[in-house]
Protein chains: 2
Amino acid sequence: MSNSKLYKGSLNTIILKLLNENDKMYGYEITQKVKALTKGELNITEGALYPALHKLEAEGLLDVEVAKVDNRLRKYYKLTETGTKETVNKLNELAEYIKTMQALVKPKFA
Amino acid sequence: MSNSKLYKGSLNTIILKLLNENDKMYGYEITQKVKALTKGELNITEGALYPALHKLEAEGLLDVEVAKVDNRLRKYYKLTETGTKETVNKLNELAEYIKTMQALVKPKFA
DNA sequence: TTATTATGCATAAGAAAATTATGTATAAAT
DNA sequence: ATTTATACATAATTTTCTTATGCATAATAA
């Protein structure tokens, strides 16, 4: 992702959440979806995305299925059962992180 | 920090915000303050904190003042004018990040 | 009284996760 | 005919952290 350093560490969470909502997606589709959902604010770079997908697959959180559409290759990823469980964890972690940061940053009166 | 990978990138924001509220602080004090404010959830490691402070100083965002208390060394840091401006930016970035992530993660209906 | 914990700084080695820069290839649009 | 969009991939580098040390003093516990 090419915007804020804050996004570091949240890419996996984003990927898992999108796959949790959309059943199966391919890499390029993920980049476009994120761009659309964030109104262009967040642009996932390929150099970050593809290695992340490969790693999630290697860890058993994602399954892959190769397809050919319009003579172009697509690799569809979907959550495994483990992946679905891990999605819940990641989302909880993110909610926790946001809560913690707000506790640190908001209080003019603490 | 020794908890979540999500914290990557937010340390500078935390430091700047604390200094914005407390005028001047020393490193160890920052670690304790963060621990207290987050009820032990977030523990800044020294290996992350001290290099970060040095870098912020080198960038002209912080001024240092050495003091000796109880025969022990303390390095008090405070925001420069530039540092105060940058604090505003960092806090805006954080707010943006949180908004963006919530947009990505919350919508079951988008 | 001696060992541990707390206070207070610092840096080096390594890992994790990005950015940036390439590279390949096909399809569509200019 | 060239550029843009689609679609994958990896290598080099940078950033930012964790983990492991190291030094030193003060306070507490065994």
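Heavy-atom basis, side chains included; hydrogens, waters and symmetry copies ignored. Each chain gets a letter, A, B and so on, in the order the sequences are listed, and its residues count up from 1.
Distances shown here put every side-chain N or O of A:Y50 at or beyond 4.0 Å from the OP1 or OP2 atom of D:dA9. Taking only side-chain nitrogens and oxygens, B:K55 comes nearer than 4.0 Å to OP1 or OP2 of D:dT16. For B:K75 and C:dA10, the shortest distance from a side-chain N or O to OP1 or OP2 is below 4.0 Å. Not one side-chain nitrogen or oxygen of B:H54 sits closer than 4.0 Å to the OP1 or OP2 atom of C:dC9.
Rounding to whole angstrom units, CG of residue B:L11 and P of C:dA18 are separated by 18 Å. Whole-Å rounding puts the B:R74 CZ to C:dA6 C1' distance at 13 Å. What separates CG of B:L56 from P of D:dC17 is a distance of 10 Å, to the nearest Å. Atom CD in B:E46 sits about 17 Å away from atom C1' in D:dT16, given to the nearest Å. Atoms OH (A:Y28) and C1' (D:dC8) sit 12 Å apart, rounded to a whole Å. B:L73 has its CG atom 12 Å from the C1' atom of C:dT7, to the nearest Å. Between B:L49 atom CG and C:dA10 atom C1' there is a gap of 11 Å when expressed in whole angstrom units. Protein atom CG of A:N43 is 15 Å distant from nucleotide atom C1' of C:dT20, rounded to whole Å.
At least one test fails for A:K75 against the ring of A:Y26: distance under 6.0 Å to the centre or angle within 45° of the axis.
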Which is it for B:K78 and B:L62 under the side-chain contact (heavy atoms from CB on, under 4.5 Å) test, yes or no, and what are the steps along the way? CA-CA 5 Å; B:K78 66 165 57 184; B:L62 301 183; over 6 Å; no
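A:L42 pairs with exactly one of A:L11, A:V34, A:L37, A:T31 by the side-chain contact (heavy atoms from CB on, under 4.5 Å) rule, that one being A:V34.
Of the possible donor and acceptor atoms, none in the side chain of B:T80 sits under 3.5 Å from a partner among the backbone N and O of B:D63.
B:E29 comes within contact range of no nucleotide atom at all, as no heavy-atom separation falls under 4.0 Å. Residue contacts for B:G47: at a heavy-atom cut-off of 4.0 Å it reaches a base atom on one of the strands shown.
No side-chain heavy atom of A:T45 sits less than 4.5 Å from a side-chain heavy atom of A:L49. A:K33 places a side-chain heavy atom less than 4.5 Å from the side chain of A:M25. In this structure the side chain of B:L79 never reaches within 4.5 angstrom of the side chain of B:L61, judged on heavy atoms.
With D:dC8, C:dA10, C:dG8 as the choices, the nucleotide that has an atom nearest any side-chain atom of B:Y26 turns out to be C:dG8.
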Report, one pair per line, the protein and nucleotides 24-26 of chain C atoms (nitrogen or oxygen only) whose separation is under 3.5 Å.
from: C:dT26; atom 1: O3'; to: A:N71; atom 2: ND2; distance (Å): 3.3
from: C:dT26; atom 1: O2; to: A:R72; atom 2: NE; distance (Å): 3.2

